[in-house]
Chemist: 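Got a structure here, written out as structure tokens. Questions coming.
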Number of protein chains: 2
Amino acid sequence: MARSVREQMVDSAVILLATRGLDGTSFSEVLGASGAPRGSIYHHFPGGKDELIAAAIEVAGERAVALLRSLEGRSPVEIVDGFFAMWRAVLERSRFSAGCSVLAVTVAGGSGDADGLLGAAGRVFRSWQSALAAVLAAGGVPAGAAEPFATLLIAASEGAVALSRAERSYEPFDAVHQVLREQARGFQGI
Amino acid sequence: MARSVREQMVDSAVILLATRGLDGTSFSEVLGASGAPRGSIYHHFPGGKDELIAAAIEVAGERAVALLRSLEGRSPVEIVDGFFAMWRAVLERSRFSAGCSVLAVTVAGGSGDADGLLGAAGRVFRSWQSALAAVLAAGGVPAGAAEPFATLLIAASEGAVALSRAERSYEPFDAVHQVLREQARGFQGI
DNA sequence: GTCTATACGAAGATAGAC
DNA sequence: GTCTATCTTCGTATAGAC
């Protein structure tokens with residue numbers, strides 16, 4: 001069963017957000033990348049661009065949560081490695097031209113006030129923190145340490161991906177990964 | 001001596017980048033915020049928008065480097081605290097509506113290929129890593145650990161600011177700060 | 001150094017036919 | 001569900017007078 005036109009548009013929006021940012025994710029680009037017909041934009045997304053972008057970062061958020069949950073049962077070091085492997089694949093496949101679609105929406109800033117997209121981005125980030133903290137706790141990280149360490153992992157990986165994009169080098173990303181990996185080792189008492 | 005028109009435009013661009021992103025930093029906004037006359041855009045920036053943005057992130061970069069250098073001679077914990085205090089002030093003064101101007105340029109992605117602005121952003125990030133690693137080394141962090149830890153601090157602070165913006169809460173930012181502060185304490189053997 | 005006026009393109013959004 | 005056509009707004013950039 002082929003993916004629906006709507007799903008193709010959302011998938012294209014995820015990729016465009018990650019590579020060109022919020023304003024680079026125009027309808028023209030989305031239609032060009034997805035092959036969707038122009039006339040179907042407001043049929044599938046009556047709320048216009050905001051609805052498309054919100055759907056995109058929610059899908060991206062759910063995919064990352066699914067990956068995090070798949071790490072359940074692993075050790076803290078393995079969880080860190082698995083999480084960073086996901087991000088490194090983004091850099092590798094795009095050759096430093098892609099990053100995080102949720103971060104792109106966050107820093108684009110919208111109109112400045114209580115923007116709906118910013119709230120959606122915040123919910124995605126929170127869902128990542130919860131899922132990661134849960135698998136870390138299941139992996140043996142002490143109760144009080146799992147939440148803050150999960151937040152650090154997410155913040156640091158977001159920043160590391162951005163640094164590596166700007167510097168076009170894996171060096172910042174790998175350095176951050178190694179330091180956090182050592183920290184995770186400390187939770188295992190090895 | 002009053003700041004020149006050019007300096008006012010650059011300052012406004014720095015703030016607009018941090019709050020509204022790259023595409024939100026239009027000439028209209030810059031002129032409105034700086035009070036500069038419209039006719040002087042291409043007089044001060046013959047290279048157009050790219051030249052203005054490049055100047056803005058370089059100024060923002062130099063300011064952060066100056067703050068980092070002012071922490072020379074302090075302990076690792078004090079350096080971490082000073083660095084995070086700078087970012088927390090950004091969140092506080094803007095009430096979660098501002099972040100890092102260099103990150104905004106990085107994530108906006110330009111045209112996708114070898115963009116000049118992305119290179120400029122990369123150089124700024126590298127200058128932060130060097131300056132921070134230097135003060136950490138001077139503060140007693142072992143030679144091999146200063147560079148990676150500096151990179152982690154920058155990546156994590158960038159991500160933490162973004163998370164707190166999206167969630168409109170100091171919680172992620174403060175959590176990241178505390179974990180890294182503890183790590184810095186480890187370098188002091190207290 | 002600064003002004004007005006304007007060219008040119010692309011964006012999001014809507015209307016109405018098919 | 002999809003199409004074409006169009007509206008409006010806003011972006012960067014340029015020309016030429018003052």
Side-chain angles (χ1 to χ4, degrees), chain A residues 1-17 19-57 104-105 107-113 115-118 120, chain B residues 1-13 15-17 19-57 101 104-105 107-113 115-118 120:
Chain A
M1 171 181 154
R3 291 197 332 295
S4 71
V5 169
R6 193 194 139 99
E7 285 171 333
Q8 289 173 351
M9 292 179 72
V10 171
D11 283 352
S12 299
V14 172
I15 296 172
L16 283 164
L17 282 173
T19 52
R20 305 205 202 181
L22 180 57
D23 289 82
T25 308
S26 65
F27 283 139
S28 318
E29 299 280 349
V30 170
L31 296 175
S34 64
R38 173 145 223 123
S40 62
I41 295 179
Y42 288 89
H43 172 73
H44 293 296
F45 303 96
K49 181 166 179 173
D50 281 10
E51 189 176 341
L52 169 63
I53 302 298
I57 65 178
V105 172
V107 302
S111 44
D113 56 347
D115 189 27
L117 287 179
L118 194 62
Chain B
M1 171 180 153
R3 291 200 330 295
S4 70
V5 170
R6 192 195 140 99
E7 284 170 333
Q8 289 173 351
M9 293 180 70
V10 171
D11 282 352
S12 298
I15 296 172
L16 283 163
L17 282 173
T19 52
R20 306 204 203 180
L22 179 57
D23 290 81
T25 308
S26 66
F27 282 138
S28 318
E29 298 280 349
V30 169
L31 295 175
S34 64
R38 174 147 221 120
S40 62
I41 294 178
Y42 288 89
H43 171 73
H44 294 297
F45 303 95
K49 182 168 180 174
D50 280 9
E51 188 175 342
L52 169 64
I53 302 299
I57 63 178
S101 55
V105 173
V107 163
S111 44
D113 55 347
D115 190 25
L117 288 179
L118 193 63

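Each chain gets a letter, A, B and so on, in the order the sequences are listed, and its residues count up from 1. Values below: all heavy atoms of this structure, side chains included; hydrogens, waters and symmetry mates excluded.
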Chemist: What pairs with B:Arg6 under side chain to side chain contact (heavy atoms under 4.5 Å, CB included), at least two apart in sequence or on another chain?
Modeler: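 Checked B:Arg6 against side chain to side chain contact (heavy atoms under 4.5 Å, CB included); matches are B:Ser4, B:His44, B:Phe45, B:Glu51, B:Ala55.
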Chemist: Filter on salt bridge (charged side-chain N to carboxylate O under 4.0 Å, His left out), then keep only pairs touching residues 24-43 of chain A, sequence neighbours left out; what's left?
Modeler: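 Qualifying pairs, neighbours excluded: A:Arg20-A:Glu29.
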Chemist: Could you grab the distance from atom CD1 of B:Ile53 to atom OG of B:Ser101, nearest 0.5 Å is fine?
Modeler: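 B:Ile53 CD1 to B:Ser101 OG: 9.0 Å, rounded to 0.5 Å.
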Chemist: Using atom NE2 of B:His44 as one end and atom P of D:dA13 as the other, report the distance to the nearest whole Å.
Modeler: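 Taking atom P of D:dA13 as the reference, NE2 of B:His44 is at 16 Å.
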Chemist: Can you tell me how far P of D:dT9 sits from CD of B:Glu29, to the nearest Å?
Modeler: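 Rounding to the nearest Å, CD of B:Glu29 and P of D:dT9 are 17 Å apart.
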Chemist: On the nucleotide D:dG1, are OP1 or OP2 found under 4.0 Å from the side-chain N or O atoms that A:His43 carries?
Modeler: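 Yes, because at least one side-chain N or O of A:His43 sits under 4.0 Å from OP1 or OP2 of D:dG1.
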Chemist: Find the distance between CG (A:Asp23) and CG (A:Leu16) and round it off to the nearest 0.5 Å.
Modeler: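 Result: 12.5 Å between the selected atoms.
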Chemist: Roughly, in whole Å, what's the span from CD1 in A:Ile41 to C1' in D:dT4?
Modeler: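 For the pair A:Ile41 CD1 and D:dT4 C1', the rounded distance is 13 Å.
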Chemist: Short question: side chain of A:Thr25, backbone of A:Leu17 - any donor-acceptor pair under 3.5 Å?
Modeler: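 Yes, because the side chain of A:Thr25 sits within donor-acceptor range (under 3.5 Å) of the backbone of A:Leu17.
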Chemist: Distance check needed: D:dT2 P versus A:Phe45 CZ, whole Å only.
Modeler: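 Interatomic distance, CZ of A:Phe45 to P of D:dT2: 12 Å.
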Chemist: What's the separation between atom CG in A:Leu117 and atom CD1 in A:Ile57, rounded to the nearest 0.5 Å?
Modeler: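 Atom-to-atom, A:Leu117:CG and A:Ile57:CD1 are 6.0 Å apart.
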Chemist: Rounded to the nearest angstrom, tell me the gap between atom CZ in A:Arg6 and atom C1' in D:dT2.
Modeler: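 Those two atoms, CZ and C1', are 17 Å apart.
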Chemist: Just how far, in rounded Å, is C1' of C:dT4 from CG of B:Leu31?
Modeler: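 Whole-Å distance recorded here is 14 Å.
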Chemist: Using a 4.0 Å heavy-atom cut-off to protein, can you give one letter per nucleotide of nucleotides 12-18 of chain C, 5' to 3': B if the base is in contact, S if only the sugar-phosphate is, - if neither?
Modeler: SBB----
